[in-house]
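These notes concern the structure reproduced below.
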Amino acid sequence: MTVSASPTAAPVAAQIKITEIFLSIQGEGLTAGVPTVFVRLTGCPLRCTYCDTAYAFSGGDYLSVPQILDRVQAFCTRHVTVTGGEPLAQSGAHELMRALCDAGHAVSLETSGALDVAAVDPRVVRVLDLKTPSSGECARNLYANLDQLRAGDQVKFVLVDRADYDWAVATAARYDIARRACVLFSPAWGQLDAAALAEWMLADRLPYRLQLQLHKILWGEAPGR
Ligand code: SF4
């Protein structure tokens with residue numbers, strides 16, 4: 001029996017589960033203060049003790065990449081951050097970031113650092129949140145990601161206490177992270193006094209950047225800000 005070739009199937013556009021798309025001020029990292037559209041993907045395989053986006057663990061709506069692009073472009077804003085949850089937990093995140101870059105946006109990715117970032121479009125600035133002991137998810141850090149770092153990438157440590165700080169200092173030095181990326185030390189909101197962290201960094205002459213969460217200073221912990 002001859003089996004004829006089946007007709008070429010039309011490509012199926014990725015469907016991505018989205019919690020929210022909103023315009024705000026970038027609160028973190030090297031573009032802090034810049035108006036930015038946030039695309040928050042639903043779902044995360046981690047459960048950090050200090051998570052401030054647990055509302056993104058479930059729910060959400062499936063949208064295609066073109067639908068997401070339409071929503072983003074309605075804000076007429078160049079900077080776009082793909083965040084979560086853990087965006088890389090959905091394979092469609094890669095297609096979304098490519099499409100945003102192709103459309104001329106300056107794209108950054110906020111990722112836990114627990115999933116492989118190698119396949120992320122090279123035009124995307126990757127912000128890895130390396131998990132400290134107090135997060136409860138330190139064992140999930142994928143240290144091979146640090147070999148993938150390139151100029152412009154950022155590695156963030158969210159710190160709850162002095163033990164987290166000491167661990168972060170040692171880890172940043174062990175992997176020589178500052179040579180390849182910007183290192184950010186961020187106090188966990190409501191848990192570590194930012195002034196105390198600043199004093200520790202000054203005492204140790206750390207060449208890293210103290211980061212405050214500007215959006216929370218402006219608006220507290222309101223979702224969608
Ligand atoms: S990785 Fe991020 S979204 Fe996931 S639990 Fe940790 S803080 Fe929350």
Side-chain angles (χ1 to χ4, degrees), residues 16-22 24 26-29 31-32 36-61 68 80-94 96-97 107-120 124-146 148-149 153-161 163-165 167-168 171 177 181 183-192 194 197 211-217 219-225:
I16 304 173
K17 212 167 193 195
I18 299 292
T19 294
E20 56 187 356
I21 300 173
F22 60 96
S24 187
Q26 174 59 264
E28 306 188 22
T31 58
T36 300
V37 177
F38 291 81
V39 180
R40 189 181 307 287
L41 276 62
T42 307
C44 181
L46 280 67
R47 290 294 180 268
C48 303
T49 54
Y50 50 67
C51 183
D52 56 3
T53 51
Y55 64 91
F57 288 166
S58 59
D61 295 309
I68 298 168
V80 179
T81 292
V82 175
T83 188
E86 169 49 85
L88 296 182
Q90 297 191 58
S91 59
H94 293 287
L96 171 62
M97 290 186 280
V107 181
S108 62
L109 165 71
E110 292 181 344
T111 176
S112 65
L115 301 181
D116 189 357
V117 299
V120 174
V124 173
V125 171
R126 300 170 301 184
V127 183
L128 266 68
D129 185 353
L130 215 56
K131 297 302 177 188
T132 55
S134 291
S135 73
E137 292 287 16
C138 194
R140 306 287 290 267
N141 286 328
L142 189 60
Y143 292 100
N145 273 336
L146 300 177
Q148 306 283 338
L149 292 173
D153 285 342
Q154 303 165 38
V155 175
K156 177 174 70 170
F157 295 85
V158 177
L159 308 173
V160 171
D161 53 25
D164 273 358
Y165 172 83
W167 181 90
T171 302
I177 297 173
V183 176
L184 305 165
F185 276 17
S186 183
W189 184 256
Q191 297 190 67
L192 177 60
L197 174 56
Q211 165 183 285
L212 305 180
Q213 293 178 293
L214 182 56
H215 55 297
K216 290 187 182 172
I217 294 170
W219 297 299
E221 295 192 84
R225 299 309 301 264

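Just follow the structure's listing: the first ligand is 1, and inside any ligand the first atom is 1. Every heavy atom of this structure was used, including side-chain atoms; hydrogens, water molecules and symmetry mates were not. The structure displayed is predicted, hence computed values, not measured ones.
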[X] neighbourhood, listing ligand 1 atoms whose heavy-atom distance to it stays under 4.0 Å:
X: L46; result: 5 (S)
X: T53; result: 3 (S)
X: G85; result: 3 (S)
X: S112; result: 1 (S)
X: F57; result: 5 (S)
X: K131; result: 1 (S), 6 (Fe), 7 (S)

Task: pair W189-D52: side-chain heavy atoms closer than 4.5 Å - done: no
Among all protein heavy atoms, pick the one closest to [atom] and tell me residue, atom and distance.
atom: atom 6 (Fe) of ligand 1; value: C48 SG, 2.4 Å
atom: atom 8 (Fe) of ligand 1; value: C51 SG, 2.3 Å
atom: atom 4 (Fe) of ligand 1; value: C44 SG, 2.3 Å

Task: Identified side-chain hydrogen bond (donor to acceptor under 3.5 Å, both in side chains) partner of T132 from the options T171, D164, D161 - done: D164
Task: Closest contact, heavy atoms only, C138 versus K131 - done: SG-O, 3.4 Å
Open item on the list: If you compare all heavy atoms of A168 against all heavy atoms of L159, which two are closest, and at what distance to 0.1 Å?
Closed with: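 For A168 and L159, the tightest heavy-atom pair comes out as CB-CD2, 3.8 Å.
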TODO: Tell me, yes or no, whether the heavy-atom count around D116 atom CG, taken from other residues, nucleotides or ligands under 6.0 Å, exceeds 12.
DONE: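 Atom CG in D116 is crowded, with more than 12 foreign heavy atoms closer than 6.0 Å.
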- [ ] State, without any angle test, whether E28 and S186 hold a side-chain donor-acceptor pair at a distance under 3.5 Å.
- [x]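 The criterion, which ignores hydrogens and geometry beyond distance, is not satisfied for S186 and E28.
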Open item on the list: Rounded to the nearest 0.5 Å, what separates atom CG in L41 from atom CD in E110?
Closed with: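 Those atoms lie 11.5 Å apart.
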